[in-house]
Amino acid sequence: MTPDVLFKYVAVLLFVIGLYGMLSQPHMLRKILAGNLMSVGVFLFMIATAARNASITADPVPHAMVITGIVVSISVTALALMLVERIQRSSKRIHLYWWFRHPHDRDDEP
Amino acid sequence: MGPVGGVFDGLLALVLLVLSIRLLFVSSLFHAVVLFIALGLLMGLTWVRLQAPDVALAEAAIGAALTGVLFIDLLYKLTHRNNIRSSVSERLIYEQTMPRRWLTACLSALVCIALLAPLLMVAAQSPTTGAGLTPAVSAAMAATGVTHEVTAVLLNFRSFDTLLELTVLFVAVLAALTLRVMDTSSLPTAIPKPPDPLMDGLWRLLLPLLVAVSGYLLWLGSFTSGGAFQSGIVMAATIILLSLTGQRTLELLPPLVWRALLVVGLLNFIVVGAAMLMLEGAFLQYPQGWAGGLILLLEVTASLTIATALVTLVLGLSVPAMFKRYPDPR
């Protein structure tokens, strides 16, 4: 099995593991980590596809797209983390379960 | 590469999968973040194995370093704001929501398994031979003004992508600043440190080296792996490292200079694009012979903006000096 075929399957698995974490984990920080896993999976699939022909140099177009994608992905992560901080500050919650109240949760706190 | 390369790739793939599963299920959030940083470093290795050194350079600085700083900074803020209650609340959520959590986990697993089969089929059926766009890029390289193919794609063939990427970065910074300006009760995030001779000596040694690496990467971009992105990211990492050692960095910039640096890359792209629209009849269509110089100009300003924006996103929000001109909105 050549590396590009192997890492294509790894990319699919990383994406699905990330999706599972995104859907099932209650803590927002872990959801963001899972979202990053999903984007790593997508990047890996593109780069593995670009490297499919071992006799010539790898396709530069997906490489350029992934470099752009990495910068976009850290922008999204930074913004998401800031929103988590704001949510935690204003509602004292760190999860997205609307039906679950922490024993210490109080709505009157600013 | 032979059997050794095959074994190495297999082990790398296995470790990537184990790390990704562990980081979702390990009980401590801090461990999860550390595992994520390790995953970022191994991804850098994977990009090299897949003949993508440009991506490896970007990933090593962003995926492993900057993302890790962002997560650890937030964890610190969350755990120190409410006397560690936030750090235990994940466990409390787990314990107190068991029945619903089982339901969520089962439904999520169903969705993922249903999606896994078609995705694996796509991976199996995707082409394993063929040259892709490599011949088309190679054939057009003579007119691009650079000799490195990835730089040619980033700043010539698909320069519109780079323009939009700078826009995304700018919008993220704007949103972050808006959140920060509205927020008047923020805790200082900088941890007061006692003077540390080892740390002082270390950054004095590292600073010139890192600045040189950043400039070198920018210069390399026109003919080999490197370029505006990698250079900007290394510069951002340098400034963040300097701030973490307790030095003043962004505070030293006058607010106007800082704002100018934040927009110069994007503005330059728009100005160059509009000028080309008038001269050549197409947005960002470089005239013959001018492409090399224009790309260098765009690269320098894009690199400055990427560095400033990333520094602002990662730690600018804890620098109150930038906002001293804004009065409390309330």
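Worth knowing before you read on, the calculation uses all heavy atoms, side chains too, and leaves out hydrogens, waters and symmetry mates. A note on names: the letters A, B, ... follow the listed sequences, proteins ahead of strands, and every chain is numbered from 1.
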Counting only N and O atoms by type, is there a donor-acceptor contact under 3.5 Å from the side chain of [X] to the main-chain atoms of [Y]?
| X | Y | answer |
| --- | --- | --- |
| A:Asp59 | B:Leu133 | yes |
| B:Glu165 | A:Gly69 | no |
| A:Arg30 | B:Leu23 | yes |

Side chain, backbone, both or neither: which part of [X] has an atom under 4.5 Å from a heavy atom of chain A?
| X | result |
| --- | --- |
| B:Gln230 | side chain |
| B:Ala152 | neither |
| B:Thr129 | backbone |

Shortest non-hydrogen separation from [X] to [Y] and the atoms involved:
| X | Y | result |
| --- | --- | --- |
| A:His63 | B:Val150 | CB-CG2, 4.0 Å |
| A:Lys8 | B:Ala123 | CD-O, 3.8 Å |
| A:Leu14 | B:Leu16 | CD2-O, 4.1 Å |
| A:Met82 | B:Ala176 | SD-CB, 3.2 Å |

Decide if atom CZ of B:Phe30 counts as having more than 12 heavy atoms of other residues, nucleotides or ligands within a radius under 6.0 Å.
no
Less than 4.5 Å apart, side chain to side chain, heavy atoms only: is that true for A:Leu13 and B:Leu119?
no
Student check: side-chain heavy atoms of A:Phe43 and B:Met43 closer than 4.5 Å:
no
Measure distances from [X] to the heavy atoms of chain B and classify the residue's part below 4.5 Å as side chain, backbone, both or neither.
| X | answer |
| --- | --- |
| A:Tyr20 | both |
| A:Met22 | neither |
| A:Val10 | both |

Quick one: which of [options] has the most heavy-atom pairs under 4.5 Å with chain B, could you say?
| options | value |
| --- | --- |
| A:Val71, A:Val40, A:Val66 | A:Val71 |
| A:Thr57, A:Val5, A:Val84 | A:Thr57 |
| A:Leu79, A:Val61, A:Val76, A:Leu19 | A:Val61 |

So which of B:Leu164, B:Asp161, B:Val168 actually passes side-chain contact (heavy atoms from CB on, under 4.5 Å) with A:Val72?
B:Val168
